[in-house]
There are 2 protein chains.
Amino acid sequence: MAQERNTEELIIEAAKKIFVKRGLAGARMQDIADEAGINKAMLHYYYRSKEKLFEIVFNEAFSKVLGRLGNILNQPMPLEEKIRTLVENYIANIAETPYLPIFVLNEINQQPEMMVKRVSSQPAFPDMMLFMKEIIEAGKKGIIREVSPVQLFLNIVSMCIFPFVARPLIQGIFLQDNVQFDMLIEERKKLVGDVIISWLKP
Amino acid sequence: MAQERNTEELIIEAAKKIFVKRGLAGARMQDIADEAGINKAMLHYYYRSKEKLFEIVFNEAFSKVLGRLGNILNQPMPLEEKIRTLVENYIANIAETPYLPIFVLNEINQQPEMMVKRVSSQPAFPDMMLFMKEIIEAGKKGIIREVSPVQLFLNIVSMCIFPFVARPLIQGIFLQDNVQFDMLIEERKKLVGDVIISWLKP
DNA sequence: CCTTTGTTTAACCAGATGGTTAAATCATGT
DNA sequence: ACATGATTTAACCATCTGGTTAAACAAAGG
């Protein structure tokens, strides 16, 4: 073998970088090859087409953005603590790969059908449904205000993800440098929890 | 003149449709020409290049998404009423052109520099700054809890815009048809106000 | 009618892009 | 050393894409 390290992995790594940065339509196979330091023909040798390569990258990104929700959701915990932990962990997770959300959301909007089946086969899916049942029951018991679990979920995810999606806007309007943005995000780990909990107080 | 109605406007209308649907990288000049029912060369006759045409479309979209905030923000009103009105109107405005936000956000992420100057020259910009001052003062007076005006702003905009950006995901996970989605949005006009106000209660 | 000016069309072009091919190189088991 | 199968390369191809050009056409003024 001439390869220093696994070529397949090298390609995927490069493809990730280019696809996430430029999107499916904007990404060039040549750029991916350059990024991986290999010949363009090798991309087609290992992964038949641009679409095949993209699908692998997208699947992983999709799981990363949506999947991490499940980890926290199914752990036994008081509801308030669970929500606060969820928000904190989720924001921290997104912050590790801040460009994934806009990539995933944009591609999903480009090809909505593509993603419909993908959703229900997502490992986090059952946990989300259980969590929503928990919300309804807690509402009936009077532990929290009675709210639509879908709306609650939307509120949480909106406030966690949107700042990353709108990052250039936020930095352009309110802040100058990346340090201040990181501080803003850090502050949100607690703040978003506050917002949700105060709304849920009966 | 052979034109039935203003050709320039016809082109812009078609360009809007294609650019918003496919993005800058995914849009084809031929598709825009077809959509407008004219020859491809006419695009270059009226607007020199793809980039020039795109810039016009993007500017209008950008103003539509961000600009509508100003209208409500500078009207004299009790703070709570102002926030509720803001949320209601903003969601209604976005709902009229639900695909604009993801388009704008994605293109901004593709070329963050492009947008930095555009922001401060936005008519809504001064109103936003005044609103943020109002929040600080209301906090000091004890009318509301003391919160970061940037975070407040982010929370509002997140919960208003994100559902449209994540629409295919939401419909895939929770709902089936467009009617249910519209109901979800309708419900949010009041709900998002509730969330914000309950958080701001001192 | 003819000139001038603005508008529209068809044909064309150079470069980019995704993809292919055939030959070369390498690693390994015999 | 040699045969074999996997890996890598360079050259190539068909198509697409943004953009250009020259000529046709229309409208208005003289």
Side-chain angles (χ1 to χ4, degrees), chain A residues 1-61 103 106-111 113-114, chain B residues 1-61 103 106-111 113-114:
Chain A
M1 311 255 201
Q3 60 196 11
E4 297 186 2
R5 281 220 328 274
N6 195 355
T7 307
E8 295 185 31
E9 198 55 38
L10 207 76
I11 292 176
I12 293 293
E13 223 49 49
K16 249 187 245 172
K17 203 165 174 176
I18 301 298
F19 275 131
V20 169
K21 197 195 280 182
R22 313 257 190 223
L24 171 57
R28 304 292 149 217
M29 293 297 268
Q30 186 61 59
D31 293 344
I32 296 175
D34 291 349
E35 177 70 36
I38 57 165
N39 192 290
K40 191 179 56 145
M42 299 218 52
L43 301 179
H44 294 94
Y45 176 74
Y46 283 102
Y47 309 92
R48 277 217 305 282
S49 68
K50 191 187 183 186
E51 271 66 32
K52 293 270 176 203
L53 192 51
F54 172 78
E55 200 171 323
I56 293 169
V57 172
F58 178 82
N59 276 339
E60 203 184 309
F103 166 67
N106 189 55
E107 298 301 335
I108 281 179
N109 272 278
Q110 291 299 314
Q111 317 181 33
E113 333 77 36
M114 173 187 77
Chain B
M1 310 256 201
Q3 60 196 9
E4 297 185 4
R5 280 223 325 275
N6 196 353
T7 307
E8 295 185 31
E9 198 55 38
L10 208 76
I11 293 176
I12 293 293
E13 223 48 50
K16 246 187 247 175
K17 203 164 173 177
I18 301 298
F19 274 132
V20 169
K21 198 195 280 184
R22 313 255 191 224
L24 171 58
R28 303 292 148 217
M29 293 298 268
Q30 187 61 59
D31 293 344
I32 296 175
D34 291 349
E35 178 71 35
I38 57 165
N39 193 289
K40 191 179 55 149
M42 301 220 47
L43 301 179
H44 293 95
Y45 177 73
Y46 282 101
Y47 309 91
R48 276 218 304 283
S49 67
K50 191 186 183 185
E51 271 66 32
K52 293 270 176 202
L53 193 53
F54 173 78
E55 200 171 322
I56 293 168
V57 172
F58 178 81
N59 276 339
E60 203 184 308
F103 166 67
N106 189 55
E107 297 302 334
I108 280 180
N109 273 278
Q110 291 299 313
Q111 316 181 32
E113 334 76 36
M114 172 187 77

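All of these numbers come straight from a predicted model, not from anything done at the bench. Reminder, nothing fancy here: chain letters follow the sequence lines and each chain counts from 1.
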> Picking from D:dG19, C:dG19, C:dT7, which would you name as closest to the side chain of B:Tyr46?
Replying inline: C:dT7
> Which nucleotide, D:dT7, C:dT20, D:dG19, lies nearest any side-chain atom of A:Tyr45?
Replying inline: D:dT7
[X] has an atom [atom1]; how far is it from atom [atom2] of [N], in whole Å?
X	N	atom1	atom2	answer
B:His44	D:dA22	NE2	P	17 Å
A:Lys50	C:dA16	NZ	P	16 Å
A:Ile11	D:dT9	CD1	C1'	14 Å
B:Glu8	C:dT8	CD	C1'	14 Å
A:Gln30	C:dG15	CD	P	17 Å

>> Please list, in numerical order, the residues of residues 53-60 of chain A that have a heavy atom closer than 4.0 Å to any atom of DNA chain D.
In response: none
> Sequence neighbours excluded, which residues qualify as side chain to side chain contact (heavy atoms under 4.5 Å, CB included) partners of A:Glu113?
Replying inline: A:Gln111
>> If I compare all heavy atoms of B:Ile11 with all of B:Leu53, which pair ends up nearest, and what's the gap?
In response: CG2-CD1, 4.1 Å
> Shortest non-hydrogen contact from A:Ala61 to A:Phe103?
Replying inline: CB-CE2, 3.9 Å
>> Taking side chain to side chain donor-acceptor pair (under 3.5 Å) as the cut-off, I'd like each qualifying pair that reaches into residues 48-61 of chain B, sequence neighbours left out, listed once.
In response: B:Lys16-B:Glu60, B:Asn59-B:Arg118
>> Within residues 16-28 of chain A, which residues have any heavy atom lying less than 4.0 Å from an atom of DNA chain C?
In response: A:Ala27, A:Arg28
> Tell me the salt bridge (charged side-chain N to carboxylate O under 4.0 Å, His left out) pairs involving residues 21-39 of chain B, sequence neighbours left out?
Replying inline: B:Lys17-B:Glu35
> Considering residues at least two apart in sequence or located in another chain, which fulfil the ring pair (Phe, Tyr, Trp, His ring centres under 6.0 Å) criterion with B:Phe58?
Replying inline: B:Phe54, B:Phe62
> With side chains defined as the heavy atoms from C-beta onward, is the minimum distance between A:Leu24 and A:Gln110 less than 4.5 Å?
Replying inline: no
Could you go through nucleotides 9-11 of chain C and list every protein N or O atom that sits under 3.5 Å from one of its N or O atoms, giving the distance for each pair?
from   : atom 1 : to      : atom 2 : distance (Å)
C:dA10 : N7     : B:Asn39 : ND2    : 3.4

> Does the side chain of B:Thr7 get closer than 4.0 angstrom to OP1 or OP2 of C:dT8 through an N or O atom?
Replying inline: yes
So, taking the atom named [atom1] in [X] and the one named [atom2] in [Y], what distance separates them when rounded to the nearest 0.5 Å?
X	Y	atom1	atom2	result
B:Tyr46	B:Ile38	OH	CD1	8.0 Å
A:Ile12	A:Ile32	CD1	CD1	9.5 Å
A:Ile18	A:Gln30	CD1	CD	11.0 Å

> Which pairs pass ring-ring contact (aromatic ring centres under 6.0 Å, His included) with one or both residues in residues 22-45 of chain B, sequence neighbours excluded?
Replying inline: none
